[in-house]
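Below is one structure, written out as structure tokens, with a few remarks after it.
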Amino acid sequence: MNQPCRSLMAAVFALCLGAGAAFAAGTDDTPKAKQDPNFVEAKKNVEAGKYEAAVPLLEQSVAANPANADAWNYLGYSLRKSGRKEEALTMYQKALALEPKHRGANEYLGELYLEMGDLAKAKERLDVLDGACFFGCDEYTDLKEAIKAYEAKTGS
């Protein structure tokens, strides 16, 4: 292979790697989310396990920016961790209506389905993640492990 072809292939490869990293980062930290102080504070609360404190901040965040799938996902997660499963289900569905391949929302919705005893729907979320995670991702691996643990526990 001649030098110009090698250089072109290297450039294309580098662009693909960069695009993948940018896409991955965008699934959890959209620029609008970074600018929203309610979202930023809510995310800190979620990371600290203060789910109830995160809920009103996330409600304000989605009210101000209803197109923010990340905020809907975090709201669903916070509600689920607070024991409010039916409300969480609605929030995950809103996140996925905006961004059907949202990795976090698909993983967490799958986990919620397991908590609700619906293995088939959890596996559907795993299938979506399989298509969304071209080279694999943590969300796919985490949900797959949760499904295995559920199956071992229930004998499914």
Side-chain angles (χ1 to χ4, degrees), residues 17-156:
L17 286 178
F23 176 75
T27 62
D28 188 45
D29 261 343
T30 60
K32 288 188 183 224
K34 287 182 183 176
Q35 296 170 3
D36 178 0
N38 287 319
F39 182 84
V40 172
E41 188 62 29
K43 192 172 174 182
K44 289 178 188 173
N45 283 326
V46 170
E47 290 167 356
K50 299 176 182 177
Y51 307 114
E52 287 289 343
V55 170
L57 294 167
L58 289 162
E59 289 172 336
Q60 292 174 39
S61 183
V62 297
N65 183 7
N68 184 348
D70 293 333
W72 288 109
N73 177 49
Y74 273 99
L75 181 54
Y77 183 81
S78 297
L79 289 166
R80 178 170 65 100
K81 291 297 189 175
S82 298
R84 298 159 63 181
K85 294 177 185 177
E86 291 299 324
E87 292 173 83
L89 178 65
T90 300
M91 301 311 138
Y92 290 139
Q93 290 169 337
K94 288 183 180 192
L96 292 172
L98 292 167
E99 195 176 320
K101 292 186 178 183
H102 191 286
R103 295 187 321 224
N106 277 293
E107 176 195 350
Y108 297 148
L109 180 56
E111 291 172 359
L112 175 61
Y113 283 139
L114 292 175
E115 291 173 19
M116 298 171 89
D118 196 334
L119 178 60
K121 285 189 178 181
K123 286 183 175 181
E124 287 175 9
R125 296 298 96 207
L126 187 65
D127 288 342
V128 172
L129 283 169
D130 190 32
C133 302
F134 191 64
F135 291 111
C137 62
D138 290 340
E139 294 84 358
Y140 175 85
T141 302
D142 291 347
L143 182 55
K144 187 174 183 176
E145 289 175 7
I147 288 171
K148 281 184 185 178
Y150 178 88
E151 289 174 327
K153 180 179 172 185
T154 62
S156 300

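Computed from a prediction, not measured in an experiment: that's the story for all the values here. Below, all heavy atoms of this structure are taken into account, side chains as well, without hydrogens, waters or symmetry copies.
Of the possible polar contacts, none joining the Asn45 side chain to the Lys50 backbone as a donor-acceptor pair under 3.5 Å is found. For the pair Ser156 (side chain) and Ala152 (backbone), a donor-acceptor distance under 3.5 Å is absent. Remark: the backbone N or O of Arg125 is not paired with any side-chain donor or acceptor of Asp130 at under 3.5 angstrom. In this structure a side-chain-to-backbone donor-acceptor pair under 3.5 Å is present from Trp72 to Pro66. Remark: side-chain polar atoms of Ser61 are not paired, donor with acceptor, to backbone N or O of Leu57 under 3.5 angstrom. Distance alone, capped at 3.5 Å, places no donor-acceptor pair between the Asn73 side chain and the Ala69 backbone.
Distance check: Asn68 CG to Leu75 CG gives 11.0 Å after rounding to the nearest 0.5 Å. Summarising the geometry, atom NE2 belonging to His102 is positioned 9.0 Å from atom OH belonging to Tyr108; distances are rounded to the nearest 0.5 Å. In this structure, Tyr74 OH and Leu79 CG are separated by 14.5 Å, a value rounded to the nearest 0.5 Å. Between the NZ atom of Lys123 and the CG atom of Leu119 there is a distance of 4.5 Å, given to the nearest 0.5 Å. Rounded to the nearest 0.5 Å, atoms NZ (Lys81) and CG (Leu112) are 10.5 Å apart. Atom CD in Glu139 sits 10.0 Å away from atom CD in Glu111 (nearest 0.5 Å).
Side-chain contact check for Lys43 versus Asp70: every heavy-atom pair is 4.5 Å or farther apart. Residues Leu109 and Leu89 form a side-chain contact, since some pair of their non-hydrogen atoms from C-beta on lies under 4.5 Å apart. The shortest distance between side-chain heavy atoms of Leu58 and Ser78 falls below 4.5 Å. Glu59 is listed as a side-chain neighbour of Val55, based on a closest heavy-atom distance under 4.5 Å.
In terms of heavy atoms, Ala105 sits closest to Leu96 at CB-CD2, 3.7 Å. The shortest non-hydrogen separation linking Asn106 to Pro100 is ND2-O, 3.0 Å. Across every non-hydrogen atom of Cys133 and Tyr140, the tightest pair is SG-CB, 4.3 Å. Residues Ala42 and Ala54 approach most closely at O-CB, 3.7 Å, considering heavy atoms.
Aromatic ring pairs are classed by plane angle as parallel below 30°, tilted from 30° to 60° and perpendicular above 60°; the pair Tyr77 and Tyr51 is perpendicular.
Classification of Arg80 and Glu115 as a salt-bridged pair holds, one side-chain N sitting under 4.0 Å from a carboxylate O. Classification of Lys144 and Glu107 as a salt-bridged pair fails, no side-chain N sitting under 4.0 Å from a carboxylate O.
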| Does the salt bridge (Lys or Arg N to Asp or Glu O under 4.0 Å) test come out yes or no for Arg84 and Glu52, once each step is laid out? | CA-CA 10 Å; Arg84 298 159 63 181; Glu52 287 289 343; 3.7 Å; yes
Residue pair Leu143, Ile147: steps toward the side chain to side chain contact (heavy atoms under 4.5 Å, CB included) verdict: CA-CA 6 Å; Leu143 182 55; Ile147 288 171; 4.0 Å; yes
